[in-house]
Amino acid sequence: MQVASVIVDVAAMQTDRAFDYTIPEKWTGMIQPGMRVVVPFGPRKIQGFVTELKSGSNVKKLKSLVEPMDLVPVLNSELLELADWLTETTLCFKISAYQAMLPAAMKAKYEKIFRLRGEEELLNEEIAAFFNKRAELTWDEAAKAGVLSSLRQEIKADRIELIYKVKSRGQKKNIRMIGLSLSPEELSAGLDSLPANAQKQKDVLNYLARSETSLLSAKELMDRAGAGSSTLKSLIEKGFLFERQQEMYRDPYEDREFEQTQPLPLTDQQQGAIAPVLGAIEENRHETFLLYGVTGSGKTEIYLQSIQRVLEKDKEAIVLVPEISLTPQMVHRFKGRFGDDVAVLHSGLSIGEKYDEWRKIQRKEVKVVVGARSAVFAPFENLGIIIIDEEHETSYKQEENPRYHARETAIKRADFYHCPVILGSATPSLESFARAQKGVYQLLTLPKRMNNQQLPDVEIIDMREELRSGNRSMFSHALFDKLTDRLEKGEQTVLFLNRRGHSSFIMCRDCGYVAGCPHCDISLTYHRQSHRMKCHYCGFEELVPSKCPECNSEHIRYFGTGTQKVEDELGKLLPHAKVVRMDVDTTSRKGAHEKLLRQFEEGKADILLGTQMIAKGLDFPNITLVGVLSADTMLHIPDFRSSEKTFQLLTQVSGRAGRHHLQGEVVIQTYTPEHYSIQLAGKQDYDQFYNQEMMMRKLGNYPPFYYLALVTVSHEDVMTASGVTEKITQYIQSRVSNQAIILGPVASPIPRINDRYRYQCLIKYKREPKLHEILKTVMEHYTKQQKDKNLQVAVDVNPFIMM
DNA sequence: AGCACGCCGACT
DNA sequence: GTCGGCGTGCTC
C-alpha cells in the first residue's frame with residue numbers, strides 16, 4: 001500500500017507537519033512528491049502538497065487522498081528542499097513556504113455547497129422554496145438567508161449533504177481556434193452547396209482555403225475574412241469548419257516590439273569584471289560576486305553577457321530587479337537581447353498573467369526570468385546564474401511570512417546548482433560589502449562611468465540658512481536658479497522628494513495639537529484629493545478639522561511637503577514648465593508608469609517630479625539637473641539603517657544626472673548638511689561612507705557585526721503585551737550565551753496599531769546555534785496555550801523594518 | 001484555520 | 001425541554 005505524506009493548506013502551528021494518506025489504486029504511480037492533491041481533513045476537503053511517498057505509516061487509520069490537482073509536480077525536489085531551508089531559517093510554516101514559491105493562481109479556493117440527496121418533497125417547506133428547483137445551493141447564499149440551522153437538520157436527516165470543493169484560483173486561458181474540416185476537393189462542392197446569398201460564409205471558406213495556416217483563432221478569422229460570429233457558427237453547424245479550445249498564454253508584452261540588440265564591446269574595466277564570472281560559469285562553480293560599479297558604469301551589459309554565456313551552455317538565468325514595473329527600461333534591455341527567451345514576473349501583472357509566465361518557465365519555454373523578489377523561486381532545473389541588481393534594496397526582504405531575503409535564497413539555490421551569483425550595486429549594502437572585504441564574496445569593481453563621463457557636481461544647500469535669509473519656499477535660491485536655467489536651455493530636470501501626497505500632518509499653531517489616529521500611535525496624513533486625514537496603518541480616516549479639537553483655534557497649519565504640493569507650487573512659480581509627476585498615486589493604473597516615462601523621454605516635459613521610484617534605472621541623456629528637495633526625510637526614522645538608506649538614495653538619485661554627453665549637476669537640500677551620509681553622498685564617496693558607517697555599526701553592535709532577531713508581541717491590553725514580552729525576554733536571556741545582547745522589553749517604535757499595543761525584544765548575536773530552536777519554542781508556547789486568542793507573537797530573523 | 005463536540009443560560 | 005452562545009481539542 002502506498003502512502004503519501006502531505007502538508008495541508010492550513011497555516012497554523014498545530015497543523016505544520018505532514019499528514020499521511022493512502023493513495024487510491026487508480027492514482028498509484030501517478031502521484032509524486034511536489035504535486036498538489038485534494039485531501040480530506042476533518043470534515044472538509046482541502047489542498048495539500050505531497051512531500052514524500054512511503055510504503056506505510058505509523059498512523060493506524062489512514063484516509064485516502066481524493067485526487068491530484070496537477071499532472072506534473074509543481075515543486076521539484078530542489079524547491080521542496082529549499083522550502084525546508086526557508087522554514088528553518090525564517091521560522092515559518094511549511095505551507096507558507098510552498099505558497100511563496102508558487103504563483104498566487106495555485107492557491108486553493110474553497111467552496112461549500114449544499115446538495116439535495118433525494119427528493120425534495122421531504123424537506124421542510126422553507127428550505128424547499130429556497131432551493132427552488134435547483135439541486136445545489138452555496139453556503140454563502142444560505143448564510144445570507146439565515147437558513148443554516150434548518151439546513152443542518154436536513155443534513156442530519158440525510159436529505160441534504162454538505163460538499164466541500166477545492167478549486168484553483170487561477171484558470172488557464174483558452175482561445176477558440178477554427179479550422180477547415182474539408183479537403184481541397186470537398187471544398188468546391190461545399191462552396192456550391194451554399195445558398196447564393198451566403199456571401200460571408202463563402203468569404204470565410206475562401207479565406208481559409210487560401211490561408212497558409214490550417215488553424216487560427218476565431219477572432220483573427222473574423223477580422224481577416226470580415227465575418228461575424230454567426231457566420232462561423234453556421235459553418236460549424238454545417239460541418240465545414242471545426243472549432244477547438246486551445247490553451248493560450250496571456251502575454252503582457254504582446255503588443256510591444258522589442259528591437260533586437262547585439263552585445264556591446266566591453267570596456268577594459270568591464271572586461272576585467274566579467275572575466276571571473278565567466279570563469280565560474282565555465283567551471284560550474286558556485287561563487288558570489290559583488291559587482292560594485294558606480295552609477296552609469298555599465299553593469300547591465302555585464303549581466304547580459306554573463307547570461308549569454310549561460311545560455312550558450314544551455315542553462316538558465318534568473319535576474320532579480322527591485323520592482324520591475326518601475327524599470328521598464330530594464331525589461332526592454334533583456335527582451336531586446338534575448339527576445340522570446342525571457343519571462344517577466346512582477347507585481348503589475350494580473351494573477352493569470354503571472355501564472356502564464358510561471359508555466360512558460362516550468363515548461364522550459366523560456367531560459368531567462370526577469371522579476372522582482374519572488375522570481376528567485378522560478379522553477380528552473382538547470383540554473384546557470386542568478387543576478388540581483390541593486391542588491392542593497394530593502395524590498396528584497398519580504399515583510400510577511402515567510403520573511404525571507406532574496407539574496408540569501410539566491411545564494412542557497414546557486415549553491416545547489418553550482419553556479420555563480422552576481423550582486424550588483426553602486427551602493428552595496430554594508431552586509432554585502434563587508435562580506436566582500438572578508439573574502440566571502442568576490443569583489444568586482446567598476447570605478448568609472450562609461451565614456452569616462454564625470455560624476456555630476458553636487459551642491460549641498462543648508463535650508464536653515466535659506467530660512468534665515470527669508471526664503472520660506474521649498475526651493476532654495478540655488479535650485480530655483482538652476483531650474484530656470486535648464487528650462488531656458490531646454491534641458492531636463494529631475495526633482496526628487498521622498499514623500500507622496502500633499503502634507504504629512506497637520507498641527508494647531510496655537511496649542512501644538514497634532515491630529516493623530518485614535519487607534520494607532522501615529523499622526524494622520526493629509527490627502528488633498530479627498531480633503532481627509534488618513535492613517536496609513538489601520539485605514540482610519542476623517543475629515544480635516546476646521547478648528548483645533550483641543551483649543552478651538554482656527555490656526556491649523558499643514559506641515560511637511562509631498563509631491564502633490566510641490567507640483568502645485570511649481571505650477572505657481574513656473575507656470576510654463578511642463579511637469580510630470582510620478583508617485584504611487586499617479587502610477588497605480590496599469591501602464592501609467594511607462595506612459596509617464598515615455599512622455600518625459602520624448603521631451604514632452606521639462607521636469608520629472610517623483611518619489612523613490614524615479615531614483616532607479618532612469619537613463620535619459622537630456623537630464624542635466626537633479627534636485628533633492630529634502631534629504632532628511634529618511635534620516636530621522638528610528639532605524640539603524642537610516643544613514644545607509646539616505647546615502648544610497650542620494651547617490652542613486654544623483655546618478656540620474658549627466659549620464660551621457662552633457663555634464664550633470666545635483667542640488668541636495670537639507671536641514672542637516674553636516675551629517676556624514678549627506679556629506680559623503682555629496683562627494684559620491686562610498687568607500688569613506690562604508691568606513692564611517694561600519695564604525696557606527698560597530699559602536700552600536702549592529703549588523704554586519706551582529707545578527708538580529710526581533711520578537712514583537714501585540715495585544716489589546718498594554719499590561720498583557722508588556723508582561724508577555726518581559727517573560728519572553730527573560731526566557732531567551734536565560735538560554736542564550738552571554739555574548740548575545742538583548743534589548744527589551746521595550747515598546748515598538750509604533751507602540752499601538754489598530755488598538756493593539758506592541759512591545760518588542762531585540763536580540764543581537766554573533767553565534768547562537770540554539771537560537772532558532774529557542775524562538776520556535778517561544779512561538780509554540782504562546783500559540784498553543786492560546787488562552788488569550790488576542791495575543792500575537794511574531795518573530796523576524798534578520799529584520800529590515802524595526803517597527 | 002475550521003469545524004464538531006460539549007456544556008451552560010434564555011427562550012418557544 | 002430546545003436553541004445557540006463560545007471554550008476546547010482535533011484534523012492522517
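Naming: A, B, ... by sequence-line order, numbering from 1 per chain.
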When the distance from [atom1] of [X] to [atom2] of [N] is rounded to whole Å, what number comes out?
X      : N       : atom1 : atom2 : result
I31(A) : dC12(C) : CD1   : P     : 17 Å
M13(A) : dG2(B)  : CE    : P     : 17 Å
F49(A) : dC12(C) : CZ    : P     : 18 Å
Q99(A) : dA1(B)  : CD    : C1'   : 12 Å
R44(A) : dC12(C) : CZ    : P     : 10 Å
I46(A) : dA1(B)  : CD1   : P     : 13 Å
Q14(A) : dG2(B)  : CD    : P     : 13 Å
F93(A) : dA1(B)  : CZ    : C1'   : 10 Å

Discussion item. For F19(A) and F41(A), take the angle between the two ring planes, folded into 0 to 90°, and tell me which bin it lands in: parallel under 30, tilted 30 to 60, perpendicular over 60.
Written reply: perpendicular

Which part of the nucleic acid does [X] contact within heavy-atom distance under 4.0 Å: base, sugar-phosphate only, or nothing?
X       : value
R152(A) : nothing
Y21(A)  : sugar-phosphate
K60(A)  : nothing
Y110(A) : nothing

Item to complete: Using the aromatic ring of F19(A) (for Trp, its six-membered ring), decide whether it stacks on the base of dC12(C) within the limits of 5.5 Å and 30°.
Response: no

Discussion item. Can you tell me if K63(A) touches the phosphate of dC12(C), counting only side-chain N or O atoms and a distance under 4.0 Å to OP1 or OP2?
Written reply: yes

Worksheet item: Under 4.0 Å between a side-chain N/O of K112(A) and OP1 or OP2 of dC3(B), yes or no?
Response: yes

Test item: side-chain donor near acceptor, [X] and [Y], under 3.5 Å:
X       : Y       : result
E78(A)  : Y417(A) : yes
D755(A) : H519(A) : yes
S168(A) : R36(A)  : yes

Worksheet entry | Proximal nucleotide (of dC12(C), dA1(B), dC3(B)) relative to the D20(A) side chain | dC12(C)

Practice prompt. Measure from the side-chain heavy atoms of P43(A) and tell me the nearest of dA4(B), dA1(B), dC12(C).
Written response: dA4(B)

Worksheet item: Hey, is the main chain of I750(A) close enough, under 3.5 Å, to the side chain of R758(A) for a donor-acceptor pair?
Response: yes

